[in-house]
Amino acid sequence: GMRRGLVGAQARLAGDKKSRMRAPCTALGAPSLIFLHGISTISFQTWLSQFKQLKDYALPNSSWSQGMMDLYSKFLEMCKDGTWKRIPSYNRTVDHIPGKAGSNEKEQKKTRLFLRSMDAEGVGFEYAMFFNPSEKRMVCLFQPGPYLEGPPGFAHGGSTAAIIDSTVGSCALVVAGRAMTANLSINYRSPIPLGSVVLVDSKVDQVEERKVFLSCEVRSIDGQTLHAEATGKDLAAGFHR
Ligand SMILES: CCCCCCCC/C=C\CCCCCCCC(=O)SCCNC(=O)CCNC(=O)[C@H](O)C(C)(C)COP(=O)(O)OP(=O)(O)OC[C@H]1O[C@@H](n2cnc3c(N)ncnc32)[C@H](O)[C@@H]1OP(=O)(O)O
């Protein structure tokens, strides 16, 4: 576990300051490998605080309904043979970008991924994404909380747009490496009850040089209700960093 790993890291730090350090894999599911070069130039405290920030929010919490838990377990099961991959979710956007994870830049510390802006569990966006590489498909299990209200009892259209944008955007990101949403068109077909669980199902339809064309459907778990459908275009390498 984390405790034992940290003790080990501390011992290694004391013994051989120049050696590369392998970060422990926590129960929270932080990335299993973080290599820190020149460890002697940063304090152990700094390293520890960076590491602790990488909490994975795409893991079950007490606000998840039975329906959300069942669907999550089903996808986890489908991850076992490698068909699907679970996508971890952190509260800062940069932590999703390989090579930037755990960066401690001051201005970055003040920002948060929009969907992770609410601290209390269950009131905002509860979601977990899974990616299917062979189908170039990103699925998001989404449970909208009470603070996402639009019409009484139902999710705000902007919150639906946000979860669609993030799912489609993540799909394009994983497939193209870098991506920025250029265009997103949504048809709202049926209101999404707050507290219900829906499946946001997106896939890459076509790639033309820098342009990534995607489509997306938001459906109830039983598939019977189509809540929204969308098409979008992401531009690869339009992500200026
Ligand atoms: C690596 C692995 C990582 C794995 C991690 C997975 C987990 C990740 C989890 C969490 C991450 C967070 C995920 C959240 C995602 C959120 C997404 C967003 O919210 S994005 C913010 C909103 N979008 C903007 O703010 C864009 C603003 N617009 C722009 O910056 C530019 O317009 C941009 C970059 C989109 C395009 O600008 P140009 O200069 O690069 O390209 P030009 O020359 O204008 O156009 C190139 C071609 O594209 C067409 N095009 C451009 N814009 C278009 C549009 N809006 N609609 C249709 N076509 C368009 C043009 O007609 C042109 O086509 P012709 O080459 O002539 O055929």
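It should be emphasised that the depicted structure is a prediction, and the values quoted were computed from it without experimental measurement. Whatever order the structure lists them in is the order used to number ligands and atoms, beginning at 1. Because only heavy atoms are used, hydrogens play no part in the values below, and waters and symmetry mates are left out as well, while side chains stay in.
Taking a cut-off of under 4.0 Å to the non-hydrogen atoms of K233, the atoms of ligand 1 that pass are 57 (C), 58 (N), 59 (C). Less than 4.0 angstrom separates some heavy atom of G177 from each of these atoms of ligand 1: 1 (C). Atoms of ligand 1 lying under 4.0 Å from at least one heavy atom of V174, given by number and element, are 4 (C), 6 (C). Here is the list of ligand 1 atoms found below 4.0 Å of a heavy atom in T181: 17 (C), 18 (C), 20 (S), 22 (C), 23 (N), 24 (C), 26 (C). Every atom of ligand 1 is numbered from 1 in the order shown, and the set under 4.0 Å from a heavy atom of I87 is 7 (C).
With M138, E209, K85, M180 as candidates, the residue nearest to atom 27 (C) of ligand 1 on a non-hydrogen basis is M180. Closest to atom 9 (C) of ligand 1 by heavy atom, among S170, S89, A162, A161, is S170.
By the 4.0 Å N-to-carboxylate-O rule, D201 lies too far from K203 to be salt-bridged with it. Between R86 and D56 there is a salt bridge, since at least one side-chain N of the basic residue sits less than 4.0 Å from a carboxylate O of the acidic one.
Counted within 6.0 Å of CD on E209, heavy atoms from surrounding residues, nucleotides or ligands total 12 or fewer; the atom is thus considered open. The environment of F213 atom CZ is dense: over 12 non-hydrogen atoms of other residues, nucleotides or ligands sit within 6.0 angstrom.
In this structure, the side chains of N132 and V139 stay at 4.5 Å or more apart for every pair of heavy atoms.
Under 4.0 Å from ligand 1, not a single heavy atom of R178 appears. Residue M129 does not touch ligand 1, judged by heavy-atom distances below 4.0 Å. Residue contacts with ligand 1, taken as heavy atom pairs separated by less than 4.0 Å, involve L235 solely via side-chain atoms from C-beta onward.
Although no hydrogens or angles enter the test, the distance criterion places a donor-acceptor pair under 3.5 Å between the side chain of H227 and the main chain of S190. In this structure a side-chain-to-backbone donor-acceptor pair under 3.5 Å is present from Q143 to S63.
The N/O atoms of A182, backbone and side chain alike, include one that comes under 3.5 Å of an N/O atom in ligand 1. The N/O atoms of H96, backbone and side chain alike, include none that comes under 3.5 Å of an N/O atom in ligand 1. The distance criterion of under 3.5 Å between nitrogen or oxygen atoms is met by D165 with respect to ligand 1. The shortest N or O to N or O distance between S166 and ligand 1 is not below 3.5 Å. Looking at K211 next to ligand 1, an N or O pair under 3.5 Å apart turns up.
Classified by interplanar angle (parallel below 30°, tilted 30° to 60°, perpendicular above 60°), the ring pair W84/F75 is perpendicular.
For the pairing with K211, the side-chain contact (heavy atoms from CB on, under 4.5 Å) check across D234, N183, L235 returns one residue only, L235.
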Start with the C-alpha gap between E126 and W64, add the side-chain angles, then the distance that decides, and say whether side chain to side chain donor-acceptor pair (under 3.5 Å) holds. CA-CA 8 Å; E126 289 295 336; W64 286 21; 2.9 Å; yes
